[in-house]
Every structure is written in structure tokens, then in C-alpha cells.
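First comes the structure, then the notes that go with it.
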Number of protein chains: 2
Amino acid sequence: MSSPAPAGKAPAGASRAAGSVSGKDVRLAAETWESLFRSQVAVMRRLQSGPAFKKLPVNEYDVLFTLSRCPTGKLRLNEINDHVLLSQSSLSRLVDRLEKRGLVERSIAPEDGRGILLGLTEAGLELQKEIGREHVRDIAELLLPALTAAEQQELMRLTEKLRAKLPG
Amino acid sequence: MSSPAPAGKAPAGASRAAGSVSGKDVRLAAETWESLFRSQVAVMRRLQSGPAFKKLPVNEYDVLFTLSRCPTGKLRLNEINDHVLLSQSSLSRLVDRLEKRGLVERSIAPEDGRGILLGLTEAGLELQKEIGREHVRDIAELLLPALTAAEQQELMRLTEKLRAKLPG
DNA sequence: GGACGATAGATGCAAATGCATCTAGTTTGG
DNA sequence: CCAAACTAGATGCATTTGCATCTATCGTCC
């Protein structure tokens with residue numbers, strides 16, 4: 001967690017390619033990110049402490065969730081890894097745990113012998129749905145009283161745009 | 001982690017106190033949170049991998065940063081803990097590490113003998129500023145091309161409002 | 001087609017994290 | 001004023017994480 005920006009004046013000899021970047025611009029970006037970051041922390045803290053995640057840690061649920069939304073039902077480990085804030089090795093071991101609990105199954109990627117396809121088992125799908133139901137309820141309890149529908153729409157639009165326009 | 005919402009229909013027998021909550025409301029909230037969450041992960045992943053955080057892990061920087069913005073320069077551990085996505089014990093040990101590196105100092109809270117006040121040392125302040133400068137530059141590089149100034153303002157407003165209206 | 005560099009994932013090992021518990025100081029109730 | 005309940009933070013210990021490295025497959029270039 002380190003979103004914040006310090007107080008430096010920074011006339012900054014940074015990129016002057018197209019539109020030159022002012023200190024004001026930089027400060028706004030830093031404050032915006034900090035606000036986004038702190039909100040995420042605050043919401044996540046509350047969600048994590050709910051009863052929904054006694055059954056499965058949040059990171060592990062997220063993998064089940066991600067698989068559940070995928071149309072084909074199977075994803076490569078590296079695709080999942082982009083989605084999640086975990087190192088490659090941590091994800092690998094997290095999947096070990098899920099597999100040992102019988103919630104997911106590894107299989108070899110048909111088009112790439114190095115790759116691993118991960119899919120939900122029946123039990124994994126059940127558990128995902130079960131936790132998911134509680135989870136959504138918790139989310140709604142936090143967001144509905146805080147933001148109007150229009151504000152939520154706008155927040156979603158902005159965060160989607162941000163994500164879409166990131167490099168990589 | 002686990003932001004997402006599953007696909008359940010959920011006519012939901014939930015709270016019907018004031019304005020009744022529709023399935024649509026719930027779905028919008030869940031999608032909004034997922035988008036916020038994924039954006040945060042995507043941005044954080046890029047920030048973390050930058051050179052700014054080779055010197056100090058992100059969580060540790062965040063504590064230094066938090067202290068640096070506090071007017072009095074000192075904060076209670078439990079106050080810091082609210083800010084950060086870490087358990088109480090993890091924060092306690094994180095502070096041990098910072099203290100061993102000479103970046104912060106513990107002192108006893110004057111009004112409460114149980115409490116610990118944490119303050120930056122000179123070295124801690126220096127390091128915070130140094131990392132902070134790079135960090136802000138990285139943030140600006142990610143956000144400026146993605147969102148206009150007006151959009152950033154709005155994103156900041158919405159995330160601030162969300163955080164302010166959370167229970168607790 | 002065989003060597004060379006790149007990529008997907010797994011693994012050894014040290015460090016970080018969380019849960020449960022412990023200690024010590026504070027507040028409350030009688 | 002003392003005991004019981006509560007709060008702030010520290011600590012033992014098992015689990016999780018990340019870095020570095022390793023193995024195996026893929027792609028390329030000659």
C-alpha cells in the first residue's frame with residue numbers, strides 16, 4: 001500500500017513530449033491515486049472481516065471467482081496472475097492449495113505444453129457461488145448507502161477507463 | 001483478492017427498511033466494486049514493480065508516508081493500522097523492522113500508558129521524501145495519459161465520498 | 001533440424017503475515 | 001478502592017508470500 005505522494009515542489013524535468021506536465025497535474029494525479037487506494041483499503045478491510053471469508057481467504061476466492069466468470073471455464077495460470085496482486089510463485093502455491101481441497105483442477109494447455117489450464121470442479125463452483133452470494137450482499141451494504149446509482153455508474157466508468165488505458 | 005460478485009439472481013429477502021433494494025441495485029454495486037478493485041490492483045502492480053520500491057516494501061513506505069503527512073509528526077499504532085491493510089500484529093512487526101533500520105522511533109503515548117506513538121527519524125523522513133518523489137512521478141505517468149484532469153477530480157470526489165460514508 | 005534465447009510454471013528457502021494468546025495499562029461498577 | 005471487563009500492543013507459531021532459481025517447452029534464426 002503506498003499510494004501517496006509527498007510534498008515535493010518538483011518543477012520536474014520530466015517528459016515534455018506532447019502537452020507539458022505541470023506540477024499541478026502531477027499533484028492531482030497523486031491525490032487521486034491516494035484517494036482511490038485508501039477507499040479500496042477501507043472497503044476491502046470491511047469485506048475481509050465479514051463471515052463470507054472465514055471459509056476461504058480472499059485471494060483464493062478471487063481465483064474461483066475469476067474462473068467462474070470465464071466463458072470457457074478454464075484459464076491459464078498466467079492469465080489469472082494478471083488479475084491478482086500476487087507473485088507467480090504465490091499463485092502457483094495458492095492453486096496447489098485449491099487443488100488439494102478439490103476446488104480446482106489443473107490440466108495441460110492443449111496448444112502450449114508449458115501452460116497449465118485451470119478449471120473449477122463441481123465443488124469449487126458450489127463454494128464460489130455460496131461465498132459469492134454473501135459477498136455481494138456485503139458489497140451492496142457498503143456501497144448503496146454511500147453512493148447513488150448514478151455515482152456508482154460514473155465510478156465504474158472512470159475505473160474501467162483507467163484500467164483500460166494503462167500501459168501493457 | 002476478491003471483489004467480484006457472482007451471477008445469482010437473488011430476489012433477496014434482505015433489508016427492506018427504507019428504500020427497498022432491487023437486484024439491479026445489488027448488481028450495480030457489485031460491478032462497481034469489482035471495477036474499482038481491479039483498477040487498484042492493476043495500478044498497484046505497476047507501481048510496485050517500479051524501481052522506487054526496491055529500497056523499501058510498499059507497506060513500509062506507506063507507514064513512513066502516513067507519518068510524514070501527519071501534522072504532529074506522530075501517530076498511534078492503532079491509528080496507522082486503520083489506514084493500512086494489515087493485521088495488528090503484522091503492523092507491530094513491520095514497525096520493528098523500520099525501527100531496526102532507524103527510520104522510525106517508538107515512544108510511549110503521554111495520555112495512555114498502553115499506547116505507542118510512532119514518529120519518523122531524520123533518516124526516515126529523508127527516505128520517505130526520496131521514494132516519494134519517484135513514486136509520484138510513476139503515478140503521474142500512469143494516470144495522466146488515462147484520465148483528464150476533470151475525470152481525476154471526479155474520481156477523487158467519488159472515492160472520497162465512498163470512504164467517508166462507510167460504516168465505522 | 002539443432003542450438004540459443006524466451007516463456008510457463010514449479011520449488012528451495014528466507015521473510016512477512018495472521019491467528020491466538022499474552023502482558024500491561026485503563027475504565028467501569030460496586 | 002478494588003475487581004472485572006476492556007483496550008493497546010507484543011509474541012509464539014503455523015501459514016503464506018516473494019525472490020531466486022530450476023525444469024521443460026516454445027520460437028527463432030542460421
Side-chain angles (χ1 to χ4, degrees), chain A residues 1-2 41 44-63 67 74-101 103-119 168, chain B residues 1-2 41 44-51 53-64 67 74-101 103-119 168:
Chain A
M1 344 283 201
S2 113
V41 168
M44 182 58 89
R45 183 175 269 294
R46 284 161 173 92
L47 290 176
Q48 261 185 311
S49 65
F53 294 106
K54 302 305 177 193
K55 303 167 184 176
L56 204 66
V58 180
N59 281 341
E60 304 192 10
Y61 170 72
D62 196 23
V63 170
L67 287 170
K74 287 176 187 287
L75 285 171
R76 293 281 297 267
L77 290 189
N78 57 0
E79 298 176 296
I80 296 174
N81 214 144
D82 296 334
H83 231 226
V84 162
L85 204 50
L86 271 180
S87 69
Q88 179 268 317
S89 60
S90 296
L91 177 62
S92 179
R93 283 190 243 253
L94 186 154
V95 169
D96 287 348
R97 272 171 266 147
L98 292 177
E99 201 173 26
K100 251 166 233 151
R101 287 181 60 170
L103 301 171
V104 300
E105 273 169 348
R106 274 189 243 243
S107 55
I108 299 196
E111 297 300 328
D112 185 342
R114 300 165 295 182
I116 296 288
L117 273 180
L118 199 67
Chain B
M1 328 234 180
S2 114
V41 167
M44 181 59 89
R45 182 175 270 295
R46 284 160 175 89
L47 290 175
Q48 260 185 316
S49 66
F53 294 106
K54 301 305 176 190
K55 303 167 182 175
L56 203 67
V58 180
N59 280 342
E60 303 190 11
Y61 169 72
D62 197 24
V63 170
L64 299 190
L67 286 170
K74 287 177 187 288
L75 285 172
R76 293 283 296 270
L77 290 190
N78 57 1
E79 298 176 296
I80 297 174
N81 215 145
D82 296 334
H83 229 230
V84 161
L85 202 50
L86 271 180
S87 69
Q88 179 269 318
S89 60
S90 296
L91 177 63
S92 179
R93 282 189 242 254
L94 185 154
V95 169
D96 287 347
R97 273 171 265 147
L98 292 177
E99 200 173 28
K100 253 165 231 152
R101 288 181 59 170
L103 301 171
V104 300
E105 273 169 349
R106 274 188 243 242
S107 56
I108 300 200
E111 297 299 330
D112 185 341
R114 301 165 294 182
I116 296 287
L117 274 179
L118 200 66

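Labels below follow one simple rule: chain letters A, B, ... track the order of the sequence lines, proteins then strands, and each chain is numbered from 1.
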- Query: Checking all strands, does B:Leu91 fall into the base, sugar-phosphate, or nothing category for heavy-atom contacts under 4.0 angstrom?
  - Reply: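 The residue B:Leu91 makes no contact with any strand.
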
- Task: Answer with base, sugar-phosphate or nothing: what part of the nucleic acid does B:Asp112 contact at a heavy-atom distance below 4.0 Å?
- Result: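 Counting heavy atoms under 4.0 Å across all strands, the contact made by B:Asp112 is with sugar-phosphate only.
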
- Task: Check whether any side-chain heavy atom of B:Leu103 sits under 4.5 Å from a side-chain heavy atom of B:Glu60, and report yes or no.
- Result: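 No, side chains not in contact.
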
- Message: Any non-hydrogen side-chain atom of A:Val84 less than 4.5 Å from a side-chain atom of A:Leu94?
- Response: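 A side-chain contact under 4.5 Å is absent here.
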
[X] has an atom [atom1]; how far is it from atom [atom2] of [N], in whole Å?
| X | N | atom1 | atom2 | value |
| --- | --- | --- | --- | --- |
| A:Phe53 | C:dG18 | CZ | C1' | 16 Å |
| A:Leu94 | C:dG9 | CG | P | 14 Å |
| A:Leu85 | C:dT17 | CG | P | 13 Å |
| A:Leu75 | C:dG9 | CG | P | 11 Å |
| A:Met44 | C:dT17 | CE | C1' | 16 Å |
| A:Ile80 | C:dA8 | CD1 | P | 14 Å |
| B:Lys100 | C:dA15 | NZ | P | 12 Å |
| A:Arg93 | C:dA16 | CZ | P | 16 Å |

- So where does chain A start and stop touching DNA chain D, 5' to 3', when the test is distance under 4.0 Å to a non-hydrogen atom?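 Boundary nucleotides touching chain A, in 5' to 3' order, are D:dT16 to D:dC26.
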
Please report the shortest heavy-atom distance between [X] and [Y], naming the atom on each side.
| X | Y | value |
| --- | --- | --- |
| A:Arg45 | B:Asp82 | NE-O, 4.0 Å |
| B:Ser107 | B:Lys74 | OG-NZ, 4.2 Å |
| A:Leu47 | A:Phe53 | O-CD1, 3.4 Å |

- Query: Mapping A:Leu77 and B:Glu60 onto DNA chain C by nearest heavy atom, which one lands closer to the 5' end?
  - Reply: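 Counting from the 5' end, the first nearest nucleotide belongs to A:Leu77.
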
- Item | Side-chain donor/acceptor of B:Ser87 to base of C:dC19, under 3.5 Å |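 Answer is no: no donor-acceptor pair is held.
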
